Amino acid sequence: MTIAAFVAGLVLLIVGAEALVRGASRLAARMGISPLIIGLTVVAFGTSSPELAVSLKAAIDDQAGIAMGNVVGSNIFNVLFILGISALIVPLVVAQQLVRLDIPLMIGLSVVVLLMALDGGIGRLDGLLLVAGLLGYLALLFIQNQRSTADSTSGTEAARSQRHWGIHLGLVAGGLVLLVLGSRWFVEGAVAFAAYLGVSEQVIGLTIIAAGTSLPEVVTSIIAALRGERDIAVGNVVGSNVFNILGVLGLTGLLAPSGIAVSPAMVGFDIPVMIAVALACLPICFTRGTISRGEGGVLLGYYLAYTLYLILAAARHDALPGFGATMLYFVLPITALTLVVLAVQEKRRAGRA
C-alpha cells in the first residue's frame, strides 16, 4: 500500500505539473511574454509546484526534514542533474541576462538561506521576507519584458486566445488539484519509506523526494533542449531554483504553524553544497555563453558523487571518510581551479574581441 501511494502520488504530481505548465505557458505566450521570461517564471514556477505542494504538506504535518530537504535537494538536483543531462544531449545556450542577473541572484539567495538557517530554523519573518523578494523579482522580470518585447498579438490571435481562455484556465485549475492530492500521497509514502529503511526524513527529502518533485523540470528542460528552445532549458533550472527559495521556502516558512526546523547537518553540509553548486553555475555559464557536453558530464558526475555521499553517510559506511577526503581535498579544488582558469580565459578573449 505504501509503494502504491508513493507511486500514485508521484504520477499525480507529474501530470498536475504538466497540465499547469501547459496551460500557464500558453496563456503567457498569448500575452506576448518572451521565451526566456516564460522559462524563468511560468515554466519554472509551474514545474516547481510539486516542491511547493510537498514542502507545504510536510511542514504543516511537522515533518521539517522533508520540507527543508526537498528545497535544498531540488536545487542541487536541478543544477547538477538536469543541466548536466540536458547539456549531454545538446550543448545549452546561456542568455546574457542569466549571467548578469539571475544566476548571481540564485547565488545570493542560497547564501541568504544559510544565514537565515543559522539560528536553527526558517521562521515566519524569514518566510515573509522571502515572499516579498519573490514579488519584487517577478515585478523586475515583467518590467524587463515590457521594455524588450513589443506586444505583437494580432486581432486574430486575440480572438483565438479568447476562445481557448477557458481551456487554458481549466488546465491550470486541474493541475493544481492533482498537485494537492499527489503531494499528500507522495509525502505519506516517503515518510513510510524513511521509517522502513531506517534513515532520516532529511535524507529522504534530499534524495528521493527532491528527485521525484524535480521530474517535471527534467522533462521540461530535456524537451526544450531537443526542440532547440535552449533559453527555456537553462532558464527553467535557474528560475526553478530562485522560486524554490523565494516561493517554496518562503511560503512554507510563512504558513507552517511552527516554521521550519533546520538540522545542524543541513546547515553544516547540505546548504553549503547548494551554495557551491550555485557558484559553479557562474563560470560554467560564462565561458563561451554555453554549457558544453563536457561540462554537462562534470555536473552529472558531481550529482552522482553527492548522492553516493548521502547514501554512505546514512549507512555510516567505513568508506565515508576516505570518499569525503578525496572529494574535499582533490576533486573539488581541481574543478574549482579549472573553472577559474576557463573564466579568466573567456574574459580575456572577450576583451580582445
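Quantities reported herein were computed from a predicted structural model and do not represent experimental measurements.
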Do the side chain of [X] and the main chain of [Y] share a donor and acceptor less than 3.5 angstrom apart?
{"X": "Arg293", "Y": "Ile89", "answer": "yes"}
{"X": "Asn75", "Y": "Met274", "answer": "no"}
{"X": "Asp126", "Y": "Leu128", "answer": "no"}

What are the two closest heavy atoms between [X] and [Y], and how far apart are they?
{"X": "Val79", "Y": "Cys281", "answer": "CG1-SG, 3.4 Å"}
{"X": "Ile122", "Y": "Met116", "answer": "CD1-CB, 3.7 Å"}
{"X": "Ala67", "Y": "Ile260", "answer": "CB-CG2, 4.4 Å"}
{"X": "Ala117", "Y": "Val262", "answer": "CB-CG1, 3.9 Å"}
{"X": "Leu310", "Y": "Asp270", "answer": "CD2-OD1, 3.9 Å"}
{"X": "Leu251", "Y": "Leu56", "answer": "O-CD2, 3.9 Å"}

Can you tell me how far [atom2] of [Y] sits from [atom1] of [X], rounded to the nearest 0.5 angstrom?
{"X": "Ser74", "Y": "Ile209", "atom1": "OG", "atom2": "CD1", "value": "9.0 Å"}
{"X": "Leu98", "Y": "Met106", "atom1": "CG", "atom2": "CE", "value": "9.0 Å"}
{"X": "Leu109", "Y": "Asn244", "atom1": "CG", "atom2": "CG", "value": "11.0 Å"}
{"X": "Leu246", "Y": "Asn241", "atom1": "CG", "atom2": "CG", "value": "11.0 Å"}
{"X": "Ile66", "Y": "Ser55", "atom1": "CD1", "atom2": "OG", "value": "9.5 Å"}
{"X": "Ile271", "Y": "Leu115", "atom1": "CD1", "atom2": "CG", "value": "10.0 Å"}

Should [X] and [Y] be regarded as members of a common hydrophobic cluster, given that ILVMFWY residues are connected when their side-chain heavy atoms come within less than 4.5 Å of each other, either directly or indirectly?
{"X": "Val112", "Y": "Leu135", "result": "no"}
{"X": "Val267", "Y": "Val203", "result": "no"}
{"X": "Val54", "Y": "Val7", "result": "yes"}
{"X": "Ile311", "Y": "Leu304", "result": "no"}

Notebook entry, point to check: Is it the case that Tyr137 and Asp102 place a side-chain donor and acceptor less than 3.5 Å from each other?
Noted result: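 On atom types as modelled, these side chains qualify, holding a pair under 3.5 Å.
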Exercise. Return yes if a side-chain donor-acceptor contact under 3.5 Å exists between Ser240 and Asn78, otherwise no.
Key: no
Side-chain heavy-atom pair [X], [Y] within 4.5 angstrom cut-off:
{"X": "Leu206", "Y": "Met68", "result": "no"}
{"X": "Tyr306", "Y": "Val277", "result": "no"}
{"X": "Ile103", "Y": "Val238", "result": "yes"}
{"X": "Glu51", "Y": "Val71", "result": "no"}

Those residues at least two apart in sequence (or on a different chain) that pass ring pair (Phe, Tyr, Trp, His ring centres under 6.0 Å) with Phe243 are Phe45
>> side chain to side chain contact (heavy atoms under 4.5 Å, CB included), that's the test. Do Val94 and Thr290 meet it? Break it down for me.
In response: CA-CA 5 Å; Val94 182; Thr290 62; 5.6 Å; no
Next on the checklist: Classify the ring geometry of Tyr303 against Phe81: parallel below 30°, tilted from 30° to 60°, perpendicular beyond 60°.
Outcome noted: perpendicular
